[in-house]
Every structure is written in structure tokens, then in C-alpha cells.
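Remarks on the structure that follows.
Numbers here simply count residues along the sequence, with the first being 1. None of these values were measured; they are calculated from a predicted model.
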Amino acid sequence: MWAFLQRLLDSSMLSPHGICLLWEPELIWLHVVSDALIAAAYFSIPFALAILVTKRRDLKFGWVYWAFAIFIMACGLTHILSIYTLWVPVYGIEGLVKALTAAASIFTAGALWPLLPKILTIPSPFELRQVQAALAEEETKNRDTSMLLRQVSEAQRALRESVTRLSAVVETAVDGVMLLDAHDRILLFNPACERLFGYRADEVLNQNVKLLMPADQGAAHEHYIRDGGEGRGVRKDGSTFPVDLSVGGALQDGEPIFVGIVHDLTARKLTEQQLQQAQKMEAVGQLSGGIAHDFNNLLTVIVGNAEHLSEQLKARPDLGRFAEDICQSGERGAELTQRLLAFSRRQFLQPQAIDCRQLLDSMHKLFKRTLRENIEIKTVFGPGTILAYADRAQLESAVLNLALNAQDAMPGGGHLTLSAEISSIDDHYRTLHPEVVSGSYALISVTDDGEGMTAEVIEHAFEPFFTTKEVGKGSGLGLSMVYGFAKQSNGHVSIYSERGLGTTVRIYLPNAAAEHSLGTVPDSEHAVPRGHETVLIAEDDPFVRCSVILRVEALGYRVIAAVNGSEALHLLRTNADIDLLFTDIIMPGGMSGWDLGDQARQIRPGLPVVFSSGYPLETLVDQGRAHAQSIVLTKPYRTAELAKRLREALAASVASSAG
């Protein structure tokens, strides 16, 4: 091998290439310049490739560039040797360089062909421009799409906000809102409807609206549902109540739908009845006053002539007795006319500040001497000074009438309680008695545990000549006189009674101790204690139940309502969230509030209970119907007192649980 290389590199026997060119200067320099330029061009290419590869690390197939650079470098070297061999015959070295160049060219060509498909995948500038144009177009589309999506999103947000606002209006509306389809099926039933009708929404959805209407109205229900107007609704418990229905129609997906606004007319009807009763009493009073005035004139003539006749008949005692009888009968008639005048508010009053404590104490002593011995008399007073602004004689007469009525209601004996306190009449009470002025009053109550009155008797109790006593045992003017006296004194009188449980008559008179006793009630409800617990309200009277629900919810509590004891117990068994029971003491169905409270505590030991009654707690305790520790709200009560009793009951329950 070494000998081969020696022979290959031996140039002693060779002639330079210039001899072939006959050393013609023009030809020699033509070759020199050309080969030099070619070599310079070849040498520049590897340097350019080296700079490119080192600067652009992201180029694919970088090793190909290096192989091509070596190949070009070898090509340039061959041209340098071609110049050198013009004078020096180193053809062996030139051959070896060419052999290396050939090897480099073969390697480069051999490596290039397999890479050609991959190289062809590299985008050309034209393709890059097309891609850039496509990207720009796509970006424009994306921008338009983003803008469209943003507009859609804003529209959806506005729609959600609109739906939320509409839902808030429907959910918090005081009146019931129902949505019906073309077949009168219920599609929406808001919380106000749940309170009005006693159904949960899931119980009536997709049901026909006939479910909420009386059977006798069902035949004409389609006309009523389409046109609205006044009608009657049916609660879940079967009771009915007056409603006013406003109906509006619309189209949804081409199908007609109807929106019904249900307004409870119970309060308005009750107010109308109260006003009608007041107007009737006013008319009867005017008639009675006119009759009493004319009858007084006749009695004046009769009594005067009878007295004159009695003087003339002193010599005839037998005839004189007739004259005396005429005088006594005339005087009794005068007493009746005085009561009629009191009812008609035409009597002459001399109002003054009266100490109710002193008045009832003195009457207590009187009643002990005049009433039957089997009647136990008790006086109860509220805190502070209790001054009533009224006519003392008429007030004594009114209390005496009430005490005598109480005695008649307790033929077998019983308890009579005379009480006095300062009380306030607020707007909630005025919904039941719109003729009463809100304000602070001196309240005198007369309570018995006698036979009690039915609702029908209470309705007519203040009417003149109305009586439940036997003929000859009562004129029917006692309560009428009390009513007229209270009204003429700018006061008010009310009766609370349950058959077989007794009666409480309350006389509200202006509070003489207050500088502004009427027209203003101290507003302390903003400072009343509030809560968030769940309260179960058991009340049979729908109007009272609705009023209590609104007042308790206004204090922040969640309310569940029941119309009787059985339903209340069922709710207690099925709802573990109930924190307190609020129940009326007197309820239909054979279960009183006391019974409900006892059975509720068997289901939920320690459950706090607040009772509501027209009788004060002291009277209920004396009659053995309540424990002294019971929490009783005496009707009527203010919201501040209601809030206080609820918190007291809940706090007492927590304290007993901790103990």
C-alpha cells in the first residue's frame, strides 16, 4: 500500500501541465484566472453554509448542509491543484483530492435523494404566503366568531337577568300568579299561590285549574278563567275564600297561554262587613236615639202627671198605689231610654282622667257584696300608671253591666277577672276593625269562664234589644250601652269568646297619661328581635292565619302553615327543619292548642311552643287551662310583642337543652 502511494505521489517522471499548453502565456493565465475564480467561489459557499447552520439552529437536516460544504470545499481544492499542476506535476495529490471529492459527492448525492420527499414537504414562499393569507382569513373569521359569541353571550346574560328579575317578581309577589296552558293545566304556581291555596307547587303542576275552584263554579270555569272577575277559591283543606282573578293571554310557540293574578279578597270582604256592621249600628243608633228622645218626652208627661195624681190621691191610698206604680214604671222606662241614648252616643258625658286601678279596686269591693258567693273575683293590673279619659259614672255602669252579664253566664259559679293595662292598637288590628284609630289606650277587661258565646251571638251582641236571656230577664241593652259609651268616648270595645270556655270583653278608652294618645303608635318594630328559624303556624281562621304568616315572615323566619292540629302533627313528623310551634289555643277538629302542644313535644321533645289566645295568661292559669310557664300571646298583639315571645320561646328551649 505504501509502495502504491509512493508511486502515485512520485512526480519525477511527469511533466507539468503547462507543457501541454506549450507554455502559451494567454492559455496559462486563462486557466489560472478561471480556476482561481472558481476556487474562490467554491470556498465561499462552505463559509456561507457554516454561518447559516450555526445561526439557524431550527433548520432541518443540518448535517446535509455540512456534507455539502465539505463537497464544495473539495471541489474548490481541485481547482487550486489545477493551477499548481501547470508548473508542478503533482498529479497524484490532485488525483487523491479528486477521489475524496468524488467520495464526498457520492455521499452527498446518496444522502440527498432519500431526503428529497421530506425536503419537498417544506413549504415554499408561495405556499407560506398562501398559508399566511389563510391564517389571516381564519383570524378574521375567528374575530367575527368571537364577536358573535360575545354578542350571543351578552344576549344570554341579558335574558338570564330578565328571567331572574321576572322570577323574583313572580316569586316575591304578594298576589298569587298562575300560568295556564290552552287546556287549563297549571304550568306555574308561585309561593303566594301556595300560601293562598295550601298546596305545594309540585302537587298542582299539570293539574286542571278546576282543582282550585268550587264544584258549583266548575261548569262555568272556562268563562271565568278567560275573563276573570270575583269568585271563590278552594284551599287544600276544602275551605273556600273570596278571590279576584285578573287574566291576560299570550302566545308561546304558537299555543295560547294564560296568566292569572289571584288576589285574596278575604281582608276586603271582612272590612266591608265591618263597615256594613258599623253603618248598621250607626243607623240603629240614630233610630234608637230618636225614639229615646221622643219617648223621654212622653215619659216626662207620664211621670209628671202620675206624681201630680199621687199628690191628689193621698186620701185614697188604694188609688195612690196605682199612681206610684205608674211613676216607678216611668222611671224604669227612663232608665231604658238612657241606655238607648248611650248606645246612640247622645248622652251627656263629663270625661275626666280616671285611675283605673282605684276604679276597679272599688268595684271589686262592690261586686263582693252584690254578686253571688260562688263567683271568685280577682283584679289584675299592668305596670305603670293606668289613666283613662272617660265619664266615670258611665264607665262604672259599663263595668257593672259586664260583671252582671258574666254572673249570668256562670250559673254554677266561676271566676271573674277584672284587669287594666296600657295597650296599643296598631295597623294589624285595624285590618279587622277599620273604624278604630291607632294609638295608645287604657284597656279594661272583664273575663269570665262561663258558658261563652257562639260566633253568631258575638256578631249581634252589641245590637240593642238583642239578648239570649229568657223573656223578662234582660232588656238586651247592657252591651249596647257599653258599645255606645266606648264609641262616644273615642274608644273601642271588643268581645273574645269561645263556647264553653268563657268570655273576655275589652273596653279601650283614650289614655289620659299620654300626651298624644290617639293617632300615633310608638314605632319600635325596627328594633324588634328577628330570627331565621322555621316556624310551624297552626291556625284555623284563614284571615288570622294569613296575617300571622305575613308578620312572622317579615321578622325573617321561614313559615310552614297548618289549618288544624292533625295537619300540624303530620308536618312535624315529615319535616325535621321545624324549630318552633305557634298555635291558637282554640281550634276545631277535637284537638285544642294545649293538646297539640303536648303531642308535638312527644314527637319532638323540647320543641318550643308559643300559644295564642284571646284570654290573658293569668285567666288561663286560674282556670287550669295553662301552666304559669307557658308563653301565651294575648290577642290582639303587636309585632314587637310577637317577636319578643318567639325569641323567648327559642331561647328557653336552647337553655333547657344546654341544662
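Interatomic distance, Asn564 CG to Asp584 CG, rounded to the nearest 0.5 Å: 12.0 Å. Distance check, rounded to the nearest 0.5 Å: CE of Met178 to CG of Leu188 gives 10.0 Å. Between Asp577 atom CG and Arg558 atom CZ the span is 6.0 Å, to the nearest 0.5 Å. Rounded to the nearest 0.5 angstrom, Ser489 OG and Ile507 CD1 are separated by 9.5 Å. Taken from CZ in Arg200 to CG in Leu205, the straight-line distance is 11.0 Å, to the nearest 0.5 Å. Rounding to the nearest 0.5 angstrom, the gap separating the CG atom in Asn575 from the CZ atom in Arg573 is 13.5 Å.
Side-chain contact between Asp244 and Ser246 is present, with heavy atoms from C-beta onward closer than 4.5 Å. The side-chain heavy atoms of Phe367 and Val399, taken from C-beta on, include a pair separated by under 4.5 Å. Side-chain contact check for Phe241 versus Leu265: every heavy-atom pair is 4.5 Å or farther apart. Glu533 has its side chain out of reach of Leu580: every pair of non-hydrogen atoms, C-beta onward, lies at least 4.5 Å apart. For the pair Val563/Arg545, a side-chain contact is recorded, criterion being any heavy-atom separation below 4.5 Å from C-beta on. When side chains are defined from C-beta on, Phe189 counts as touching Leu212, because their heavy atoms get closer than 4.5 Å. Residues Gln407 and Arg372 have side chains in contact (heavy-atom distance under 4.5 Å, counting atoms from C-beta outward). At least one side-chain heavy atom of Thr583 sits less than 4.5 Å from a side-chain heavy atom of Phe611.
Closest approach of Leu245 to Val262, counting heavy atoms only: CD1-CG2, 3.8 Å. A pairwise comparison of heavy atoms in Asn374 and Gly412 identifies ND2-C, 3.6 Å as the closest pair. Smallest separation of non-hydrogen atoms from Ile549 and Ala561: CD1-CB, 3.6 Å. Heavy-atom minimum distance, Val234 versus Phe197: O-CD2, 3.4 Å. Taking all atoms of both residues into account, the shortest heavy-atom contact from Ala420 to Leu360 is CB-CD1, 3.9 Å. For the pair Leu607 and Arg601, the tightest heavy-atom approach, listed with the atom from each and the gap, is O-NE, 3.3 Å.
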- Tell me, with the steps shown, if Glu539 and Val548 meet side chain to side chain contact (heavy atoms under 4.5 Å, CB included). CA-CA 9 Å; Glu539 170 62 59; Val548 175; 5.6 Å; no

- Please test Leu418 against Val446 for side chain to side chain contact (heavy atoms under 4.5 Å, CB included), starting from the C-alpha separation and ending with a verdict. CA-CA 5 Å; Leu418 307 175; Val446 179; 3.9 Å; yes

- Could you check Ile186 against Leu179 for side chain to side chain contact (heavy atoms under 4.5 Å, CB included), going step by step and ending with a plain yes or no? CA-CA 6 Å; Ile186 301 173; Leu179 184 66; over 6 Å; no

- Apply side chain to side chain contact (heavy atoms under 4.5 Å, CB included) to the pair Phe582 and Val552, showing each step before the final yes or no. CA-CA 10 Å; Phe582 182 98; Val552 174; 5.7 Å; no

- Could you walk me through whether Ser440 and Asn511 pass the side chain to side chain donor-acceptor pair (under 3.5 Å) test, one step at a time? CA-CA 6 Å; Ser440 175; Asn511 180 11; 3.2 Å; yes

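With hydrogens and angles ignored, the 3.5 Å screen pairs a side-chain donor or acceptor of Arg530 with a backbone N or O of Ala554. Checking side-chain atoms of Ser239 against main-chain N and O of Arg235 turns up no donor-acceptor pair under 3.5 Å. Judged purely by atom type and a 3.5 angstrom limit, Asn190 uses its side chain to pair as donor or acceptor with the backbone of Val177.
In summary, Glu421 and Arg506 do not engage in a salt bridge, as defined by a charged side-chain N under 4.0 Å from a carboxylate O. Using a 4.0 Å cut-off between charged side-chain N and carboxylate O, Glu648 and Arg645 make a salt bridge.
Just one residue in the list Thr503, Thr417, Thr504 forms a side chain to side chain donor-acceptor pair (under 3.5 Å) with Thr447, and that residue is Thr504.
Below 30°, between 30° and 60°, or above 60°: for Tyr441 and Tyr508 the angle between ring planes is above 60°, a perpendicular geometry.
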